[in-house]
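A short worksheet on the structure shown next.
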Amino acid sequence: MKTRFYLIRHGETEWNTRGIYQGLTDIPLSEKGEKQAEYLGKRFQNKTLKVDAIYSSPLQRAVKTAEGIAKAKGLTVIPYEHFKEINFGEWEGHTVKELTEKYGQDYTNFYEHPFTYSFPGEGSFTSVKKRSVEGFYQLLEKHKGQAVAIVSHGGILRVLIMALLDMDETFYRKTWLSNTAISVVDVSDSGKIVLLTLNDFAHLEEMEEEQGEKTWQM
């Protein structure tokens, strides 16, 4: 018996396209982000993609993204604090360029070595890792043998995946999750964790083909 987790990043926001730190700032989906969420929901209309429960970061960009899956599966989205985005405090609302200019080496150190240096708000990636892993194992205990969708944010999902797979912390800057991309993790009865899929956005490629435009980005 295995437990499956679909780990999904929210749809695009305007701040995503402008390269602005969002954190806990409750930014809505852009028009394109809403369309991405719609195609994500269509993908989960596939009956082979079983989902028994769907949890979401309480921020609206994640909840709105999760609603497409919930509608496809006849479920209710459950807000879950463990998977809210990283709190970047006073850095939120600013671009990398602005933060580099304002904070200099203090920001550059964090950007290059996020697990080593602190930042405003939540303070450290160690605490981010702790709360996300705790949340994951709480859901694993509650939903053993089932399939669970978690809609969250790119930063925290990368931290979670790295922690679950016991990956070196340098991989954080070597991985990426696109908007509404799906990563799949299976947990066996013995507790073994296997990453089956990382950053799967096939539904966006279908959207791109139908609309004739680029719909995903790094």
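Here the structure is a predicted model, which means the values were calculated and not measured.
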So which atom in Asn109 and which in Tyr117 form the shortest heavy-atom distance, rounded to 0.1 Å? O-CD1, 3.4 Å
Check which hydrophobic residues are tied to Met1 through side-chain heavy-atom contacts below 4.5 Å, counting indirect links as well, and list them. none
Glu34: what forms a salt bridge (Lys or Arg N to Asp or Glu O under 4.0 Å) with it, not counting sequence neighbours? none
Applying salt bridge (Lys or Arg N to Asp or Glu O under 4.0 Å) as the test, list every pair that has at least one member in residues 82-92; sequence neighbours left out. Glu81-Lys84
Kindly list each side-chain donor-acceptor pair under 3.5 angstrom involving residues 67-79, sequence neighbours excluded, with atom names and distances?
unit_1: Lys73; atom_1: NZ; unit_2: Phe44; atom_2: O; d: 2.8
unit_1: Lys73; atom_1: NZ; unit_2: Asn46; atom_2: O; d: 3.1
unit_1: Lys73; atom_1: NZ; unit_2: Leu49; atom_2: O; d: 2.6

Determine, for Arg131 against Glu122, whether the closest basic-nitrogen to carboxylate-oxygen distance falls under 4.0 angstrom. yes
Residues sharing Trp15's hydrophobic cluster, by side-chain heavy-atom contacts under 4.5 Å among ILVMFWY, directly or via others? Ile20, Ile27
Tell me, yes or no, whether the heavy-atom count around Phe115 atom CZ, taken from other residues, nucleotides or ligands under 6.0 Å, exceeds 12. yes
If you take all heavy atoms of Gly11 and Asn16, which pair is closest and at what distance? O-OD1, 3.9 Å
List in chain and number order the residues that pass side-chain contact (heavy atoms from CB on, under 4.5 Å) with Glu112, two or more places apart in sequence or in another chain; answer none if no residue qualifies. Thr108
Kindly work out whether a path of hydrophobic side-chain contacts (I/L/V/M/F/W/Y, heavy atoms less than 4.5 Å apart) joins Leu195 to Tyr137. yes
Distance check, rounded to the nearest 0.5 Å: Thr65 atom OG1 versus Asn179 atom CG? 8.0 Å
Is there a side chain to side chain contact (heavy atoms under 4.5 Å, CB included) between Phe136 and Val187? Walk through the geometry before answering. CA-CA 11 Å; Phe136 180 87; Val187 185; 3.9 Å; yes
The ring-ring contact (aromatic ring centres under 6.0 Å, His included) partner of Phe88 among Tyr111, Tyr21, Tyr103 is Tyr21
Polar side-chain atom of Thr100 near backbone of Gly104 as donor-acceptor pair, under 3.5 Å: no
Is the closest basic N to carboxylate O distance between Lys97 and Glu101 below 4.0 Å? yes
Show which side-chain atoms of residues 147-167 pair as donor or acceptor with protein atoms under 3.5 Å away, not counting sequence neighbours.
unit_1: Ser152; atom_1: OG; unit_2: Phe83; atom_2: O; d: 2.6
unit_1: His153; atom_1: NE2; unit_2: Ser57; atom_2: OG; d: 2.7
unit_1: Arg158; atom_1: NH1; unit_2: Tyr172; atom_2: O; d: 2.7
unit_1: Arg158; atom_1: NH1; unit_2: Thr175; atom_2: O; d: 3.0
unit_1: Arg158; atom_1: NH2; unit_2: Tyr172; atom_2: OH; d: 3.3

Any non-hydrogen side-chain atom of Phe5 less than 4.5 Å from a side-chain atom of Leu139? yes
In chain order, what residues pass the salt bridge (Lys or Arg N to Asp or Glu O under 4.0 Å) check against Glu169, with sequence neighbours excluded? none
N/O donor-acceptor pair under 3.5 Å between Arg9 side chain and Leu177 backbone: yes
Point-to-point distance, once rounded to the nearest 0.5 Å, from NE2 of His94 to CG of Leu99: 6.5 Å
So do Val185 and Leu196 actually touch side chain to side chain, heavy atoms under 4.5 Å? no
My understanding is that only residues two or more places apart in sequence, or in another chain, count here; which of them pass salt bridge (Lys or Arg N to Asp or Glu O under 4.0 Å) with Lys35? Glu38
Validation row, ring centre Phe125 to ring centre Phe119 under 6.0 Å: yes
Are Thr17 and Glu12 linked by a side-chain donor-acceptor pair shorter than 3.5 Å? no
Test Thr13 against every option in Lys32, Arg61, Gln22 by the side chain to side chain donor-acceptor pair (under 3.5 Å) rule and name the one that passes. Gln22
Listed partners of Glu134 passing salt bridge (Lys or Arg N to Asp or Glu O under 4.0 Å), at least two apart: Lys130
In terms of side-chain heavy atoms, does His10 have a donor or acceptor partner in Thr180 at a distance below 3.5 Å? no
Atom of Ala37, atom of Leu29 and distance for their closest heavy-atom approach: CB-CD1, 4.3 Å
In terms of hydrophobic clustering (I, L, V, M, F, W, Y; side-chain heavy atoms under 4.5 Å; direct or indirect links), are Val133 and Leu198 co-clustered? yes
Do any N or O atoms from the side chain of Ser124 and from the backbone of Ser118 form a donor-acceptor pair under 3.5 angstrom? no
Quick one: does Thr197's side chain get under 4.5 Å of Tyr6's, heavy atoms only? no
Do the side chains of Arg43 and Asp200 get close enough for a salt bridge, i.e. N-O under 4.0 angstrom? yes
Any chance you could lay out the salt bridge (Lys or Arg N to Asp or Glu O under 4.0 Å) test for Arg18 and Glu14, step after step, and finish with the verdict? CA-CA 6 Å; Arg18 294 167 59 190; Glu14 181 185 348; 3.3 Å; yes
Polar side-chain atom of Ser178 near backbone of Ala181 as donor-acceptor pair, under 3.5 Å: no
Sequence-distant partners of Tyr55, ring-ring contact (aromatic ring centres under 6.0 Å, His included), two or more places apart: Tyr80, His143
Closest heavy-atom pair and its distance - Val184, Ile182: CG2-CG2, 4.0 Å
Of all residues at least two apart in sequence or in a different chain, which pass the side-chain contact (heavy atoms from CB on, under 4.5 Å) check with Asp26? Leu59, Gln60
